[in-house]
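What's counted below: heavy atoms across the whole structure, side chains too, no hydrogens, waters or symmetry copies. Order of the sequence lines sets the chain letters (A, B, ...), proteins ahead of strands, with each chain counted from 1.
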Amino acid sequence: MAEMTLYHGEPNGPSLTVLAALAETGLDAELVAIDLAAGERHSGSVPHGVATEMSVEGEGPVLAVGGEAMADSVFLAQYLDERAGARLQPTDAHARWEMEMWCRQTIERVAPAAAFLGNRAHTTPRLAAMPDAEFDTILDSIASEDLRKRWTDTRAGNFPDAQEADSRSKIVQGVERIETRLGDGRDWLMGDFSIADLESFAWLAGMEDIVPEAFEGKARAAAWIERMRARPSVAQALNQATSDDPRQSWAPGPEINRWG
Amino acid sequence: MSQVTLYHWEPNANSGKPMLALAEKGVAFNSHYIDMLQFDQHKPEYLAVNPQGTIPAMTHGDRVLTESTAIMEYVDNAFDGPELMPADPRDRWRIRWWMKFMDQWLAPSFSMIGWSMFVGPSVRQRDPAELEAAIERIPLPERRVAWRKAIHGSFSAEEMAESQRRVGIGIGMLEEELAKRAWLASDQYSLADVNGFNLAYAIPLSQPELSNDEKTPHLLEWLRKIYERPATRQTWAMGRTDMVKRVAILEREPA
Ligand SMILES: N[C@@H](CCC(=O)N[C@@H](CS)C(=O)NCC(=O)O)C(=O)O
């Protein structure tokens with residue numbers, strides 16, 4: 001089997017999903033920490049290719065395997081799981097469809113909203129304080145024009161009010177969906193622990209401070225968050241943090257749907 | 001009676017994905033044609049199946065499935081027949097990457113152009129009050145916005161230019177990727193090809209400057225290869241409008 005290197009950001013968002021999935025599978029990979037909000041993914045020291053440059057996810061971890069630079073957290077988690085022998089995905093076709101639907105909704109609705117709010121709170125001040133020349137070097141290294149625009153918008157603090165309101169409501173709905181799903185007393189979203197738990201937790205963990213109302217009175221979701229944090233793979237991923245609070249680490253992420 | 005019913009419009013875009021996947025698997029299904037331009041997808045009979053009011057939807061026994069790409073993966077997993085996903089994990093990752101890229105980045109741009117040039121003009125001349133009432137019945141707010149823009153032709157020049165930019169980039173990416181392997185994203189005919197064909201079959205016709213035998217030979221060869229497959233013929237024969245005739249550009253010259 002090919003050797004792997006995982007270039008990851010702080011354990012938050014997509015990097016958290018993949019770090020924890022790796023720990024779940026027990027596969028061996030060299031870990032290289034990079035600063036996503038400093039544009040290090042584009043710096044030349046990280047392998048790149050069409051999948052990293054044009055990833056819908058925006059800034060996220062890169063898994064290098066056999067000369068190929070792979071991206072997109074849910075699919076990286078599926079890759080690791082399938083390479084190790086399937087434990088993080090249901091095998092029944094319908095249960096599998098449910099997991100894929102769940103992840104797709106998380107990717108399409110929760111992730112862009114969380115990235116919008118997380119970057120607004122934490123990345124804008126950092127980029128605004130950066131000298132122009134340094135920022136321009138980052139921009140020049142980014143191949144995708146629309147990702148470049150999300151970087152300039154983030155630095156300029158260009159976050160339209162309507163999108164902010166919509167993003168907050170998507171986070172509220174995302175937590176509600178989890179609360180409802182856990183309504184029958186199950187521990188994990190798909191019954192057995194799966195990639196759906198990882199991806200949902202990874203994007204929502206950083207929202208507790210920013211959209212506290214989403215979590216108010218959601219006892220089941222709160223208990224699920226505690227179970228997630230206590231899970232050894234997640235704890236191991238969180239241990240990779242080099243900052244005090246990785247939930248404050250964001251970088252320009254997926255865009256908000258431009259055409260429904 | 002088959003256990004499977006598919007609610008679909010023309011073989012095209014999202015509807016065409018499960019149609020073609022079912023045909024490739026050899027799964028017989030009851031076809032339930034939803035005329036999107038008559039707003040069949042917002043009528044109570046259909047909302048009882050899919051309350052979101054979007055197509056396609058599939059029922060298998062008493063289960064309802066939605067979301068075209070996820071339906072295709074279900075079809076591949078649930079039924080016998082040729083495997084539409086390779087076994088190699090890295091190939092599977094690449095196929096999923098391409099399907100997401102097409103579904104969420106490239107297809108919306110094609111769709112915006114299609115809705116502005118085709119969907120809008122085909123319904124625009126109807127009674128405005130009737131159209132407004134039809135829009136009010138749409139369950140998803142983002143689809144209401146889409147229909148309003150299409151009917152009133154109110155796409156901004158900026159968003160249309162951005163869509164055209166993405167279409168240009170996407171065509172270039174497909175050409176480059178198809179030069180690497182026999183099929184899109186792997187060496188085996190897969191769901192990425194089924195997905196991609198539904199997105200791309202009309203490109204040589206609608207974007208002749210960007211896609212032709214000189215500029216994108218691999219893309220054209222790939223489309224022709226898929227068009228030749230019996231499952232594709234069978235699926236495109238299910239179309240009811242002139243839209244399906246766009247595929248004729250892929251006929252090979254008689255040798
Ligand atoms: N992501 C969904 C999208 C479904 C969707 O929006 N379909 C369009 C047609 S391609 C639709 O139902 N439009 C009807 C409407 O907007 O009224 C899928 O892939 O199935």
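Residue contact with chain A, scored on non-hydrogen atoms closer than 4.5 Å, involves the side chain of B/Ile169 exclusively. Both the backbone and the side chain of A/Leu76 come within contact range of chain B, with heavy atoms under 4.5 Å apart. Heavy-atom distances place both the backbone and the side chain of B/Arg96 under 4.5 Å from chain A. Looking at B/Met112, the atoms closer than 4.5 Å to chain A (heavy atoms on both sides) sit in the backbone and in the side chain alike.
Chosen from B/Glu73, B/Arg92, B/Lys149, B/Lys100, the residue pairing most often with chain A at heavy-atom distances under 4.5 Å is B/Lys100. Contact count against chain B (heavy-atom pairs under 4.5 Å) is highest for A/Asp146 among A/Leu80, A/Asp92, A/Asp146. Between chain B and the options A/Met101, A/Glu255, A/Glu57, A/Glu145, heavy-atom pairs under 4.5 Å are most frequent for A/Glu145. Comparing A/Glu108, A/Arg96, A/Glu98 by heavy-atom pairs within less than 4.5 Å of chain B, the highest count is held by A/Glu108. Counting heavy-atom pairs closer than 4.5 Å to chain A, the top-ranked of the candidates B/Ile71, B/Thr66, B/Thr54 is B/Thr66. Most heavy-atom pairs under 4.5 Å with chain A: of the set B/Arg94, B/Glu162, B/Gln104, this distinction falls to B/Gln104.
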Open item on the list: Pair B/Asn195, B/Trp98 - check side-chain hydrogen bond (donor to acceptor under 3.5 Å, both in side chains), show working.
Closed with: CA-CA 9 Å; B/Asn195 188 323; B/Trp98 272 95; over 6 Å; no
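Classification of the B/Tyr46-B/Tyr7 ring pair by plane angle, with boundaries at 30° and 60°, yields tilted.
A salt bridge does not link B/Arg144 to B/Glu132: none of the charged nitrogens lies less than 4.0 Å from a carboxylate oxygen.
Not a single donor-acceptor pair under 3.5 Å links the side chain of B/Asp40 to the backbone N or O of B/Met36.
Between A/Phe75 and B/Trp97, the ring centre distance reaches or exceeds 6.0 Å. Aromatic ring centres of B/Phe155 and B/Trp115: separated by at least 6.0 Å. With ring centers used as reference points, B/Phe79 lies under 6.0 Å from B/His60.
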